[in-house]
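Reviewing the structure listed below.
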Amino acid sequence: MQNTQDSPVTPSRAPSMEQLPANCNILLLNIGKMVKDSDSYIREHPLLCSGCSATCSKLNQINDSKTWTCVFCAAENPLSNDNIFKIREEGDELYSGDPLLENEYSFGNQSMIIFCIDISGSMSVTTELSQDQSNDYNIVYKSRMEAVKSALDQTLDILHKQHCEKRVALVTFSDQVKLYGDGLKEPLVLQDTELLDPDHLKSQGEDQPLPRPLSETLHALKEKIHCLEESGATALGPAALVSIAIASKSPGSKVIICTDGRANTDLGNLEDISEEYAYQSSKLYYSNLGDLALQHSVVVSVVTIEGTNCRLPELGQLADKTGGKVNIVHPLKLADEFQSILEEDIIATNVKLKVFLPLTM
């Protein structure tokens, strides 16, 4: 047993039989409170314990407004006239190192929404729908492409009504990748050997202009969506890279990938991966894409259509690493899923958290 007399001097600790009112092993950080609880009193600097650097809060005992006792190390700390404060009876204590600006937690109007849409040949597959009209039982069919168009149309209408300042861009992929942007210009078409070069794809995405607000582009985008036709292979890997590159210029942007099949072109191939090296290469590709998105504070969500196999364990890394969603959805529920993804506001990006822990023996 170590001789405690030889140990470095540490602040006196609370008696072992006394239960601390704070749980030192669990940390819950609710950044949303900083935005939603606008009436919260935010102090510029916390009062730190001289013994363990813990912050003074409602858990601490104030002694005649002259000292406060740390609940972690039991050290007593002085309170001078210029740092006396009121203890909140409930709620969180918020601190800021710098004076808060009115829109400090807002991304303004620069963040983007990128719809990355599969228009490969398999999107022509139809789904049987039933409709009850005048007591007659009728069977109708709707293709996956028609369902996606309808969902995008509804989503754009809702966005335009609620957030017309949003910037929306469209990217489609089959055996080509088309960058429609905000729909006001002719699309940039990437094809053939261009789809094999990650650096080229990334630079093409980064060079795209910032989309105009939806209030100016709604009709142009709808026109482009209505003209989409399904054909060809599924160049999902290149399209995902280009979409993330476009969004990377604006922290807080979202990329929504909607597909019904496995990527089956060379870059990011998830279909012809019987060889272990091919599988690991593709898996690493999507992992690196997730890292790229995370580095630029881009949230990627993946929506796949019910009844298909898109290799979600590999593709889903994009969402797992960036805090996005991964869902398998019935074609008629796509609009609801898009709306669910867009309703989740991004409160902050690139957040750094400093945790003060009590000294241990």
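Position 1 is the first residue of the sequence, and the numbers go up from there. Keep in mind that what you see is a predicted model, and the values were worked out from it rather than measured.
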*Measure the CG-CD distance between L210 and Q110 for me, rounded to the nearest 0.5 Å.*
5.5 Å
*Give a yes or no on whether a salt bridge exists between E146 and K149, defined as a side-chain N under 4.0 angstrom from a carboxylate O.*
no
*Rounded to the nearest 0.5 Å, what's the gap from CD on E194 to CG on L188? Could you check?*
7.5 Å
*asked:* Within the supplied structure, the quantity of interest is the number of heavy atoms (other residues, nucleotides, ligands) at a distance under 6.0 Å from K321 NZ; does it exceed 12?
replied: yes
*asked:* Quick check: do Y180 and V171 have side-chain heavy atoms less than 4.5 Å from each other?
replied: no
*For Q176 and K178, run side chain to side chain contact (heavy atoms under 4.5 Å, CB included): C-alpha distance rounded to whole Å, both residues' side-chain angles, the deciding distance at 0.1 Å, then the answer.*
CA-CA 6 Å; Q176 302 175 331; K178 290 188 178 182; 3.5 Å; yes
*asked:* Between D118 and R144, does any NZ, NE, NH1 or NH2 come within less than 4.0 Å of an OD or OE carboxylate oxygen?
replied: no
*Does any N or O in the side chain of T234 come within less than 3.5 Å of the main-chain N or O of L236, such that one atom is a donor and the other an acceptor?*
no
*Taking the side chain as every heavy atom from C-beta outward, state whether H296 and I244 have any atom pair closer than 4.5 Å.*
no
_Nearest heavy-atom neighbours spanning L289 and A240_ = CD1-CB, 3.9 Å
_Please evaluate residues E165 and H163 with respect to the criterion side chain to side chain contact (heavy atoms under 4.5 Å, CB included), reporting the C-alpha separation (whole Å), side-chain torsions for both, the decisive distance (0.1 Å), and the verdict._
CA-CA 5 Å; E165 77 285 355; H163 306 285; 3.8 Å; yes
*In Å and rounded to the nearest 0.5 Å, what is the CD to SG distance from E216 to C164?*
9.5 Å
*Any side-chain heavy atom of I328 sitting closer than 4.5 Å to one from I305?*
no
*Spell out, yes or no, whether I341 and I225 are grouped together once hydrophobic residues are joined by side-chain heavy atoms under 4.5 Å, including indirect joins.*
yes
*Near H219 NE2, under 6.0 Å, is it more than 12 heavy atoms from other residues, nucleotides or ligands?*
no
*Answer yes if V300 and L201 sit in the same cluster of Ile, Leu, Val, Met, Phe, Trp and Tyr residues linked by side chain heavy atoms under 4.5 Å apart, and no otherwise.*
yes
*Check: V177 and T172 side chains under 4.5 Å, non-hydrogen atoms*: no
*Are the charged groups of K333 and E306 less than 4.0 angstrom apart, N to O?*
no
*Residues forming a side-chain contact (heavy atoms from CB on, under 4.5 Å) with S282, sequence neighbours excluded*: N269, L270, I273
_Between H330 (side chain only) and L332 (backbone N and O only), is there a donor and an acceptor less than 3.5 Å apart?_
yes
*Going by an N to O cut-off under 4.0 Å, is there a salt bridge joining R167 and D182?*
no
*side chain to side chain donor-acceptor pair (under 3.5 Å) assessment of S301 paired with K254*: CA-CA 8 Å; S301 294; K254 293 184 178 182; over 6 Å; no
*asked:* Restricting to non-hydrogen atoms, name the atom on V299 and the atom on G324 that form the minimum distance, rounded to 0.1 Å.
replied: CG1-CA, 3.6 Å
*Is a donor on one side and an acceptor on the other found under 3.5 Å between the side chain of S124 and the backbone of G121?*
yes
_Closest heavy-atom pair and its distance - G183, L221_ = N-CD2, 4.1 Å
*Residues T304, N327; criterion side chain to side chain contact (heavy atoms under 4.5 Å, CB included); working and verdict*: CA-CA 6 Å; T304 66; N327 268 331; over 6 Å; no
*Between K325 and S340, is a side chain to side chain contact (heavy atoms under 4.5 Å, CB included) present by the stated rule, with each step listed?*
CA-CA 10 Å; K325 287 186 173 184; S340 174; 2.6 Å; yes
*Approximate separation, where rounding is to 0.5 Å, of R212 CZ and T217 OG1*: 9.5 Å
_Closest approach of T265 to A235 (non-hydrogen atoms, all atoms of both residues)_ = OG1-CA, 3.3 Å
*asked:* If you apply the rule salt bridge (Lys or Arg N to Asp or Glu O under 4.0 Å), what do you find for K142 with E128, and how did you get there?
replied: CA-CA 7 Å; K142 192 171 190 177; E128 183 179 295; over 6 Å; no
*Q317 side, atom CD; Y286 side, atom OH - distance, nearest 0.5 Å*: 10.0 Å
*Should V255 and L214 be counted in the same cluster of Ile, Leu, Val, Met, Phe, Trp and Tyr side chains packed under 4.5 Å apart?*
no
*L334 CG to C258 SG distance, which is reported to the nearest 0.5 Å*: 5.0 Å
*Please say which of V326, L318, V303 ends up in a side-chain contact (heavy atoms from CB on, under 4.5 Å) with I257.*
L318
*Check for a donor-acceptor pair, side chain of S248 on one end and backbone N or O of A245 on the other, with a separation under 3.5 Å.*
yes
*Do Y279 and E314 pass the side chain to side chain donor-acceptor pair (under 3.5 Å) test, and can you show the C-alpha distance, the side-chain angles, and the key distance before you say yes or no?*
CA-CA 9 Å; Y279 168 72; E314 293 77 29; 3.0 Å; yes
*Find out whether K202 and L292 are in side-chain contact, i.e. whether some heavy atom of one side chain is under 4.5 Å from a heavy atom of the other.*
yes
*Under the 3.5 angstrom rule, does the side chain of S281 hit a backbone N or O of Y277 as a donor-acceptor pair?*
no
*Test item: D336 side-chain N/O and F338 main-chain N/O as donor-acceptor pair under 3.5 Å*: no
*Would you check if L156 and K222 make a side-chain contact, meaning some heavy-atom pair closer than 4.5 Å?*
yes
*Same cluster for I119 and I246 if Ile/Leu/Val/Met/Phe/Trp/Tyr side chains link at under 4.5 Å?*
no
*Sub-4.5 Å side-chain heavy-atom contact between E271 and R311*: no
_Side chain to side chain, L190 and Q204, heavy atoms closer than 4.5 Å_ = yes
*Does any donor atom in the side chain of D260 or T308 lie under 3.5 Å from an acceptor atom in the other side chain?*
no
_I need the minimum non-hydrogen distance between Y285 and G268, along with the two atoms involved._
CD2-CA, 3.6 Å
*Please report the closest heavy-atom contact between G232 and S120, naming both atoms and the distance.*
O-CB, 3.5 Å
_Taking F173 as the starting point, is it possible to reach L179 by hopping between hydrophobic residues whose side chains are less than 4.5 Å apart?_
yes
_So for atom NZ, which belongs to K283, do other residues, nucleotides or ligands contribute more than 12 heavy atoms lying within a distance under 6.0 Å?_
no
